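Shown next, in structure tokens, is the structure this report addresses.
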Amino acid sequence: MRDVTVRFAGLTALDTVSFTVAPGSVHALIGPNGAGKSTCFNVLSGLCRPAAGRVLLGDTELTGRPPHRIAALGVARTFQNIVTTAGTVADNLMLGRHALSRAGFTASALGLPRARREQREHLARAREIAELVGLGAHFDAPVALLSYGDRKRVELARALCLEPRVLLLDEPVAGMNGAERARTAEVVGTVREQLGLSVVLVEHDMGLVMRLADEVTVLDFGRPIAHGTPDEVRRHPEVLRAYLGTGADEEDAA
Ligand SMILES: Nc1ncnc2c1ncn2[C@@H]1O[C@H](COP(=O)(O)OP(=O)(O)OP(=O)(O)O)[C@@H](O)[C@H]1O
């Protein structure tokens with residue numbers, strides 16, 4: 001992201017924000033409520049068009065492209081709130097693979113051999129992804145019957161079904177209990193390692209950020225105030241003042 005500015009009416013939600021996500025790394029965006037983290041995600045995933053600045057994936061220009069194009073180019077995201085409720089885990093993951101399907105709707109509907117073969121391959125890959133995030137045993141279970149933590153991981157798996165190069169995780173452990181948080185942290189680590197993708201993470205759970213992130217960008221009132229490793233950032237005077245004060249103390253105490 002280079003020099004991105006976003007304005008809503010009179011308010012500048014992002015003010016010339018730049019950061020680079022190193023390939024294969026976990027990059028966290030943190031900051032107090034209203035700092036601009038969600039707006040950053042919305043810019044990265046194409047839901048929000050910046051007034052100025054650019055978003056690049058390698059050399060590919062993403063700025064101004066619609067969300068489905070950005071997803072097809074390799075940037076997948078999850079949302080803060082769970083969006084999957086209907087169908088089985090398999091159904092939801094197959095929806096995630098739909099964008100990759102070549103055979104087309106008509107061929108699939110007619111059950112043509114190529115479409116059937118493709119469908120089988122997608123299902124096999126969806127199952128692999130479900131296993132990777134720890135949902136293998138629930139593959140054919142209705143999502144509505146799963147625990148909250150498992151449902152959040154269905155969202156993660158669905159995003160992974162796009163075979164992204166970059167995964168945007170918007171508060172992946174929000175609302176989870178301690179055990180579920182630990183499990184999800186482990187899954188994110190595994191996913192990054194095994195799929196070799198880059199992860200951009202917005203998360204209020206500082207313990208998780210400190211554990212998972214290679215680099216952290218701190219936003220405050222739409223401006224980046226610090227950037228560095230988790231250790232650098234947690235010691236940064238501006239960060240301590242603006243935001244981490246209590247979070248850092250709590251974590252040290254833990
Ligand atoms: N669609 C919108 N219209 C008007 N103002 C908006 C809109 N979206 C965000 N804002 C404002 O932009 C600023 C940044 O909001 P944003 O949601 O990006 O912050 P955040 O860091 O994600 O906060 P939180 O941690 O609470 O999710 C806030 O002042 C917010 O009220």
Side-chain angles (χ1 to χ4, degrees), residues 1-21 26-55 62-68 70-71 75-83 148-149 151-152 155-156 159 166-176 180-181 184-185 188 198-213 215-228 230 233-234 236 238-251:
M1 180 176 280
R2 287 193 199 156
D3 297 326
V4 163
T5 294
V6 172
R7 294 191 193 93
F8 296 113
L11 181 125
T12 304
L14 294 178
D15 185 1
T16 53
V17 173
S18 299
F19 62 89
T20 301
V21 179
V26 176
H27 194 117
L29 288 177
I30 64 170
N33 289 335
K37 305 177 298 291
S38 298
T39 306
C40 260
F41 260 33
N42 290 343
V43 170
L44 291 172
S45 58
L47 289 174
C48 172
R49 192 183 278 251
R54 301 171 69 191
V55 180
L62 300 184
T63 329
R65 291 190 195 258
H68 71 276
I70 291 178
V75 181
R77 77 171 284 176
T78 65
F79 290 86
Q80 257 171 54
N81 301 315
I82 289 177
V83 290
Y148 177 79
R151 274 185 286 148
K152 288 278 272 190
E155 307 269 318
L156 170 64
V166 181
L167 177 66
L168 309 177
L169 295 178
D170 198 352
E171 301 197 18
V173 301
M176 286 186 184
E180 287 174 329
R181 281 169 189 246
T184 299
V188 173
S198 315
V199 177
V200 189
L201 174 72
V202 165
E203 187 46 69
H204 284 286
D205 179 335
M206 282 306 121
L208 187 96
V209 168
M210 295 299 158
R211 198 156 65 240
L212 275 183
E215 288 186 68
V216 182
T217 297
V218 189
L219 296 174
D220 192 25
F221 292 112
R223 290 196 333 275
I225 57 164
H227 174 85
V233 155
R234 72 198 295 180
H236 197 290
E238 185 112 8
V239 176
L240 290 171
R241 192 169 49 76
Y243 173 57
L244 270 183
T246 52
D249 292 347
E250 273 167 21
E251 234 232 305

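Please read all numbers here as calculations on a predicted model, not as lab measurements. As the structure lists them, so they are numbered: ligands from 1, and atoms in each ligand from 1.
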Are any non-hydrogen side-chain atoms of Leu201 and Pro172 less than 4.5 angstrom apart? yes
Hey, are the side chains of Glu203 and Val173 touching, using non-hydrogen atoms and a 4.5 Å cut-off?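 Yes, close enough: below the 4.5 Å cut-off.
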Pairing donors with acceptors under 3.5 angstrom, does anything connect the side chains of Thr16 and Asp3?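 The criterion, which ignores hydrogens and geometry beyond distance, is not satisfied for Asp3 and Thr16.
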Tell me which one of Gly36, Pro32, Ala13, Ala174 gets a heavy atom nearest to atom 19 (O) of ligand 1.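 Of the listed residues, Gly36 has the closest heavy atom.
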Starting from [atom], locate the nearest protein heavy atom and write down its residue, its atom name and how far away it is, to 0.1 Å.
| atom | result |
| --- | --- |
| atom 14 (C) of ligand 1 | Gly34 O, 3.3 Å |
| atom 26 (O) of ligand 1 | Asn33 OD1, 3.3 Å |
| atom 18 (O) of ligand 1 | Thr39 OG1, 2.5 Å |
| atom 30 (C) of ligand 1 | Leu11 CD2, 4.6 Å |
| atom 6 (C) of ligand 1 | Phe8 CD1, 3.2 Å |
| atom 25 (O) of ligand 1 | Lys37 NZ, 2.7 Å |
| atom 17 (O) of ligand 1 | Ser38 CB, 3.6 Å |

Are there over 12 heavy-atom neighbours, none belonging to Arg2, within less than 6.0 Å of that residue's CZ? no
Non-hydrogen protein atom less than 4.0 angstrom from atom 8 (N) of ligand 1: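 Within 4.0 Å: yes, protein heavy atom nearby.
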I'd like to know if Asp170 and Arg77 make a salt bridge, using a cut-off of under 4.0 Å between side-chain N and carboxylate O.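 Result for this pair is yes, salt bridge flagged.
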Lys152 bridged to Glu155 by N-O distance under 4.0 Å: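 The answer is no: the pair does not qualify as a salt bridge.
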Which of the atoms of ligand 1 are close to Ala35, meaning less than 4.0 Å from one of its heavy atoms?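 Result: 19 (O), 20 (P), 21 (O).
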Ligand 1 atoms in contact with His204 (distance to a heavy atom under 4.0 Å):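 By the 4.0 Å cutoff, the relevant atoms are 25 (O).
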Using the side-chain contact (heavy atoms from CB on, under 4.5 Å) definition, which of the options Leu62, Leu168, Val200 pairs with Ser45?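 Result for side-chain contact (heavy atoms from CB on, under 4.5 Å) with Ser45: Leu168.
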Measuring centre to centre across the rings, with the benzene-like ring taken for any Trp, is His27 within less than 6.0 Å of Phe19? yes
